[in-house]
Amino acid sequence: MPELPEAETIVRTLAPHIEGRRLEAMEIRSARAAPEPLPDLAGRTVERVRRYGKQVVWDLDGGLLRFELRMTGLLLWRVEPGPYTRVRLRFCGAAVCFDDIRQFGSLRWSAGELPRLGPDALEIEAADLARRLAGRRARIKPLLTDQRFLRGLGNIYADEILHRARVHPMTPAHRLGGARARRLHAAMREVLTEAIALGGSSISDYVDADGRPGRFQERHRVYGREGAPCPACGARIRRIVVGGRGTWLCPRCQRLPRGVSGRV
DNA sequence: TGGAATGTTCGGCT
DNA sequence: AAGCCGAACATTCC
């Protein structure tokens with residue numbers, strides 16, 4: 001679930017509980033969740049909780065604890081572990097549970113480095129985005145969700161952003177031109193900002209660190225809405241597959257440029 | 001019952 | 001090199 005707005009919401013709800021507090025113990029309940037060796041973190045202080053793309057990072061004294069939530073990872077401020085709790089990080093009288101149904105997520109330790117990813121989707125400037133798009137021939141949607149190109153976007157927000165920008169997901173990036181690149185940048189800022197304000201999208205079981213669902217799914221205009229009318233023009237939303245992922249779009253608002261072949 | 005699901009990585013092909 | 005595709009990971013849901 002967690003893309004940029006959900007990771008941001010988790011950070012905002014988790015930080016007040018644990019920043020400045022001392023970690024008492026860490027219980028790895030599923031080896032898959034910690035694929036690389038971790039040092040003993042007991043006694044270290046959580047100096048800061050922050051977001052890196054769609055990942056959640058805890059700055060501890062002496063290193064970084066990085067949570068990759070992937071499809072179903074959650075960080076819950078809750079003492080008792082549940083059936084899907086893969087790691088429990090205990091504080092005095094309290095705990096954070098790293099829950100993950102599908103077990104694609106993981107937790108990693110580093111002395112200070114973060115993986116090299118593209119610029120943050122909320123921080124990049126319009127001109128920078130336009131410049132980066134101009135150099136790529138790949139289709140825009142898979143490019144937007146490529147974390148090495150831009151960090152933070154996943155399947156839901158890529159579809160919502162492309163719809164608001166009126167850009168077809170199969171448009172080659174370098175064919176966007178200045179006007180649509182600026183529209184894409186503006187749409188990205190708007191969608192992400194609104195989604196954060198509403199606590200992210202809860203489409204199956206995403207909740208923030210306090211167990212609250214988000215509400216942005218009520219504002220989705222295309223994602224998961226095959227057959228429903230486009231809120232902008234009334235045409236029926238369609239579902240296609242792009243880059244192996246389900247992709248929802250309005251065939252009337254989002255046209256391919258002339259000369260670009262692709263199934264609408 | 002088969003297919004799809006919010007993510008990422010890898011190998012192979014063009 | 002860049003880009004694309006399918007498979008794999010594990011589980012649930014419809």
Side-chain angles (χ1 to χ4, degrees), chain A residues 1-10 29-36 51-56 66-75 82-87 98-108 114-118 121 132-162 169-175 191-192 195-196 198-208 213-227 238-248 260-263:
Chain A
M1 206 150 295
E3 302 181 29
L4 185 153
E6 291 76 29
E8 180 66 27
T9 303
I10 289 172
R29 315 175 104 238
S30 165
R32 198 180 300 279
E36 295 162 11
R51 179 180 66 75
Y52 181 65
K54 32 178 124 159
Q55 306 182 16
V56 175
R66 182 164 57 87
F67 298 84
E68 256 190 78
L69 304 172
R70 300 275 184 116
M71 297 285 258
T72 54
L74 299 171
L75 289 174
Y84 305 117
T85 300
R86 310 302 180 188
V87 179
F98 173 33
D99 280 28
D100 187 12
I101 291 179
R102 282 170 73 177
Q103 301 194 75
F104 291 170
S106 62
L107 172 151
R108 291 182 154 84
L114 290 171
R116 264 192 295 280
L117 302 176
R132 297 169 67 87
L133 291 171
R136 302 292 294 262
R137 310 184 80 82
R139 299 165 304 175
I140 186 67
K141 176 175 173 182
L143 193 57
L144 288 179
T145 58
D146 179 347
Q147 303 300 296
R148 291 161 304 182
F149 178 78
L150 189 67
R151 81 178 109 102
L153 301 186
N155 210 33
I156 295 177
Y157 293 100
D159 281 3
E160 291 298 318
I161 289 164
L162 287 169
M170 295 176 82
T171 310
H174 73 286
R175 294 287 303 274
V191 167
L192 295 175
I196 290 168
L198 291 175
S201 303
S202 291
I203 70 153
S204 66
D205 42 21
Y206 162 77
V207 287
D208 68 21
R215 302 186 315 279
F216 191 70
Q217 68 281 0
E218 297 159 19
R219 305 278 255 270
H220 288 175
R221 298 183 186 180
V222 288
Y223 182 85
R225 302 187 65 243
E226 185 176 18
R238 299 179 66 169
R239 179 188 185 275
I240 61 175
V241 174
V242 182
R245 309 301 304 275
T247 297
W248 288 266
V260 177
S261 63
R263 190 158 293 110

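Each chain gets a letter, A, B and so on, in the order the sequences are listed, and its residues count up from 1.
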A:R239 side chain to A:W248 backbone, donor-acceptor under 3.5 Å: no
Nearest-neighbour nucleotide for the A:W248 side chain, B:dT8, C:dA10, B:dA5 considered: B:dA5
C:dA10 pairs with, by Watson-Crick or G-U criteria that keep both distances under 3.5 Å: none
A:I101 side-chain proximity, nearest of C:dC4, C:dT11, B:dA4: C:dT11
Nearest atoms (heavy-atom pairs only) where A:R70 meets A:P2: O-CD, 3.5 Å
Below 4.0 Å: OP1/OP2 of C:dA2 and any side-chain N or O of A:R139: no
Rounded distance in Å between the P positions of B:dA4 and C:dC5: 16 Å
Nucleotide nearest A:M71 when distance is taken to its side chain, options C:dT11, C:dG3, B:dA5: B:dA5
Rounded distance in Å - CG (A:D146) to P (B:dC10): 13 Å
Separation of C:dC5 P from A:K141 NZ (nearest whole Å): 12 Å
Phosphate OP1/OP2 of B:dG7 contacted by A:Q147 side-chain N/O (<4.0 Å): no
Between A:Y206 and A:E3: side-chain donor-acceptor atoms closer than 3.5 Å: no
Gap between atom CD of A:E68 and atom OH of A:Y52 - 0.5 Å precision: 11.0 Å
Ring-on-base stacking B:dG7 with A:F104 (under 5.5 Å, under 30°): yes
Closest contact, heavy atoms only, A:L74 versus A:D205: CD1-O, 3.9 Å
Distance below 4.0 Å between A:Y84 side-chain N/O and C:dT12 OP1 or OP2: yes
Gap between atoms CZ and P, on A:R137 and C:dC4 respectively (whole Å): 11 Å
Side chain of A:R32 (C-beta onward), nearest among C:dC9, C:dG3, B:dT8: C:dC9
Rounded distance in Å - CZ (A:R148) to P (C:dC4): 12 Å
Length of the line joining A:Q103:CD and B:dT8:C1', which is rounded to integer Å: 16 Å
Sugar-phosphate, base or nothing in reach of A:R245, heavy atoms under 4.0 Å: base
Heavy-atom check, side chain of A:F98 versus side chain of A:L69, under 4.5 Å: yes
Whole-Å gap separating P (B:dT8) and CG (A:L4): 12 Å
Sugar-phosphate, base or nothing in reach of A:G105, heavy atoms under 4.0 Å: nothing
Selection from C:dT11, C:dC4, B:dG7 that lies nearest to any side-chain heavy atom of A:K54: B:dG7
C1' atoms of C:dG6 and B:dG3, separation to the nearest Å: 16 Å
Nearest-angstrom distance from the residue atom OH of A:Y157 to P of B:dA5: 17 Å
A:I203 CD1 to B:dA5 P, straight-line distance once rounded to whole Å: 9 Å
Nearest-nucleotide comparison on DNA chain B, the residue closer to the 5′ end among A:G244 and A:E68: A:G244
Phosphate-side-chain proximity, A:R102 and B:dG7, N/O vs OP1/OP2 below 4.0 Å: no
